[in-house]
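Numbered from 1 within each chain, the chains take letters A, B, ... in sequence-line order. Values below: all heavy atoms of this structure, side chains included; hydrogens, waters and symmetry mates excluded.
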Amino acid sequence: MTLHGLARHGEFEWHLPMTSGMRVPAIVFGSLELVRAMDDKTLTQLRNVACLPGIVRAAMAMPDAHSGYGFPIGGVAAFDPAHGGVVSMGGVGFDISCGVRTLLTGLTRDHILARREELADALFRAVPSGVGRGGTIILEGEDLAAMLEGGAVWAVGRGYGQPADLGRIEDGGRMPGAVPGHVSPHAGKRIRDQLGSLGSGNHYLEVQWVEKILDPARSAAFALKEGDVVVSIHCGSRGLGHQIGQDFIDELAPGGKARRKGKNAAPNPYLPVPDREMVCAPIDSEPGRRYLGAMRSGINCALANRQVITHLVREVFADIFPTARLDLLYDVSHNTCRAESHRVDGKEKTLFVHRKGATRALGPGHPDLPAALRGAGQPVLVGGSMGTASYILAGTTEGEARSFSSACHGAGRVLSRTEARRRFVGRDLMESLRHQGVFVRTMSSRGIAEEAPGAYKDIDEVTSSAAGAGLAAPVARTLPLVCVKG
DNA sequence: ATGTGC
C-alpha cells in the first residue's frame with residue numbers, strides 16, 4: 001500500500017480516513033516502516049471492524065498486525081453491550097485463548113549450555129507436538145466439563161502444577177462465565193486426548209536466555225537478570241477452540257455449512273458489513289450469550305493446556321537440573337473477548353474487548369494484578385518467530401486510554417505459509433539455527449519452512465513501535481537456546 | 001490456528 005490517505009498522529013499512530021459506514025476511527029499503531037509494509041487487506045478489515053454496532057472509541061491495529069479471518073490479527077476492538085455491541089468469532093480468532101506463558105528457572109545460560117541437546121530431546125519427548133497429536137491425558141466423563149469450567153484451577157487440582165501458579169495467570173487461572181453445555185459434542189471430542197500438547201504452526205516451547213535487561217526496576221519486579229534462563233510456552237486450545245469458532249460461524253453466517261449442505265440457512269440478521277467473515281452476534285442476544293459461554297470454555301481449555309504443559313516441563317527440568325525451580329512469571333492470552341471495566345467519556349463502563357493477536361497490558365497499580373507485579377505493570381509476553389528474539393514488556397498507564405490496555409503479541413507474519421514454503425527449506429533452516437546455537441526439534445520440517453524467521457516482521461521494530469506508541473514498556477529481550485516447534 | 005477439505 002501507499003501511505004496516501006493515512007493521517008499521522010505522532011510518530012507511531014496513524015488514522016485511516018473515515019469512509020462510509022465507519023462508526024468510529026480506525027487507528028494503526030506502528031513505525032513508518034511497519035505501516036508502509038501493511039497490506040491493503042489488513043486496513044480494509046480494520047475499516048470493517050470500525051463499522052460494527054456498539055464499537056467504542058476506535059478499531060485498532062497493533063504494530064504486528066496482518067490480515068486474518070474477518071478481523072486483522074493484531075486487532076483490538078471494544079464493544080458496549082448497552083449500545084448494541086457485538087461479539088465476533090473472527091474477532092476472537094480460531095485458536096481461542098492462544099497465548100504465552102513464561103517460567104523462571106533460577107538457572108543461568110552457562111549452567112545449561114553444555115546440556116542443550118539433552119534438554120531439547122527430553123522436552124521434545126515429554127511434550128507432544130504436531131498437527132492432530134494427542135497428549136497423555138484422556139478426559140473421561142465429567143472431566144471435560146470440569147476442565148472447561150475450571151481452566152488452570154482444575155489442572156492444579158489434578159496435580160498439574162502448584163497453587164502459586166494461579167496468581168500469575170489472568171483471572172486467577174479460571175475465566176468465569178464458561179458454559180460447557182454450549183460447547184458442541186464434536187468440539188469436546190476433539191480435545192478429549194489433546195490436553196497437554198503444543199499443536200502446530202507458530203506454537204512452540206522454548207528455552208531462552210535473558211540477553212539484555214532494558215528496564216532494571218521492572219526486571220527486578222519480574223525477577224529477571226541478565227543471563228537468566230527462562231522457558232516460554234506458546235499454544236492454545238487445540239482442536240476445541242477451533243471447532244467452537246467454526247460451529248458458531250456455521251450457525252450464524254449466511255453461505256456457511258448449512259447452505260453448503262443444502263439446508264435452509266437463515267439469513268444472518270447480525271451481519272452489518274458485506275463480509276461473511278465479519279459474522280457476529282449482539283452481546284445481549286441468545287446466540288451472543290451462547291457463544292460467550294462456549295468461548296470462555298475455550299479460554300479455560302487453553303489455560304488448562306498451558307498448565308499441564310508446565311507440569312511436563314517441570315518434570316523434565318527436575319530430571320536434568322534438580323536444583324531448578326520453575327516459578328511462573330506470567331501467563332497471557334492473545335485471542336480473547338473479555339468483559340472489562342474501562343473509562344469512557346469519564347464514566348466506568350463494562351466493555352467486551354476483543355483482542356485477536358493482541359495481549360492485555362494492564363498498567364501499574366491495576367487491581368487485577370498480583371501484589372508482587374502491581375508496581376511494575378502486567379508482564380506482556382511477546383513471542384518472537386523461530387530462532388529470533390522474544391520480548392518481555394510491561395503494561396503502561398497511558399495504554400489504558402490509547403488501546404484499552406492492549407499491546408502487540410508477536411512478530412506478525414509478512415509472508416503467507418504457502419509463500420514461506422516456496423522460499424525456505426525446513427532442514428536448511430534447522431541446520432543454520434544449529435550453527436547459531438539454537439537446537440530445534442519438530443515433527444514437521446515443512447512446518448519449519450512456514451515458520452522461517454524471514455516470514456515474519458522484525459520483532460525489534462514491532463516492540464519499539466509498541467513502546468513508542470506508549471502501549472507497553474520494554475523490560476527484557478531474550479534469545480532462544482532450545483526450541484520445540486509444532 | 002486446524003483431524004492443513006466438502
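Atom P of nucleotide B:dT2 and atom CG of A:Asp247 are separated by 16 Å, given to the nearest angstrom. With rounding to whole Å, A:Tyr69 atom OH is found 18 Å from B:dT4 atom P. The separation between A:Asp250 atom CG and B:dG5 atom C1' is 13 Å, rounded to whole Å. Distance CD1 (A:Ile249) to P (B:dC6): 12 Å, rounded to an integer number of Å. Remark: C1' of B:dT4 and CZ of A:Phe94 are 13 Å apart, rounded to the nearest angstrom. Between the CG atom of A:Asp95 and the P atom of B:dT4 there is a distance of 15 Å, given to the nearest Å. Atom P of nucleotide B:dT2 and atom CD of A:Glu451 are separated by 11 Å, given to the nearest angstrom. Regarding A:Gln243, its CD atom lies at a distance of 15 Å from the P atom of B:dG5, rounded to whole Å.
Using a 4.0 Å heavy-atom criterion, one finds that A:Gly199 contacts the sugar-phosphate atoms exclusively. No contact: A:Gly236 has no heavy atom under 4.0 Å from any strand. Contacts of A:Arg446 with the nucleic acid, taken as non-hydrogen atoms under 4.0 Å apart, include base atoms.
Scanning for ring-ring contact (aromatic ring centres under 6.0 Å, His included) contacts around A:His409 gives A:His334, with sequence neighbours left out. Applying the ring-ring contact (aromatic ring centres under 6.0 Å, His included) test to A:Phe12 and every residue at least two apart in sequence or in another chain returns nothing.
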Candidate pair A:Glu286 and A:Arg290, rule salt bridge (charged side-chain N to carboxylate O under 4.0 Å, His left out), full reasoning: CA-CA 6 Å; A:Glu286 190 280 325; A:Arg290 193 152 38 82; 2.7 Å; yes
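DNA chain B is contacted by both A:His234 and A:Glu450; A:His234 maps to the nucleotide lying nearer its 5′ end (nearest heavy atom per residue).
OP1 and OP2 of B:dT4 both lie 4.0 Å or more from every side-chain N or O belonging to A:Ser200. Between A:Arg417 and the phosphate of B:dT4, there is no side-chain N or O to OP1/OP2 separation shorter than 4.0 Å.
Remark: side-chain polar atoms of A:Ser31 are paired, donor with acceptor, to backbone N or O of A:Leu34 under 3.5 angstrom. Side-chain atoms of A:Thr44 come within 3.5 Å of backbone N or O of A:Asp40 as a donor-acceptor pair.
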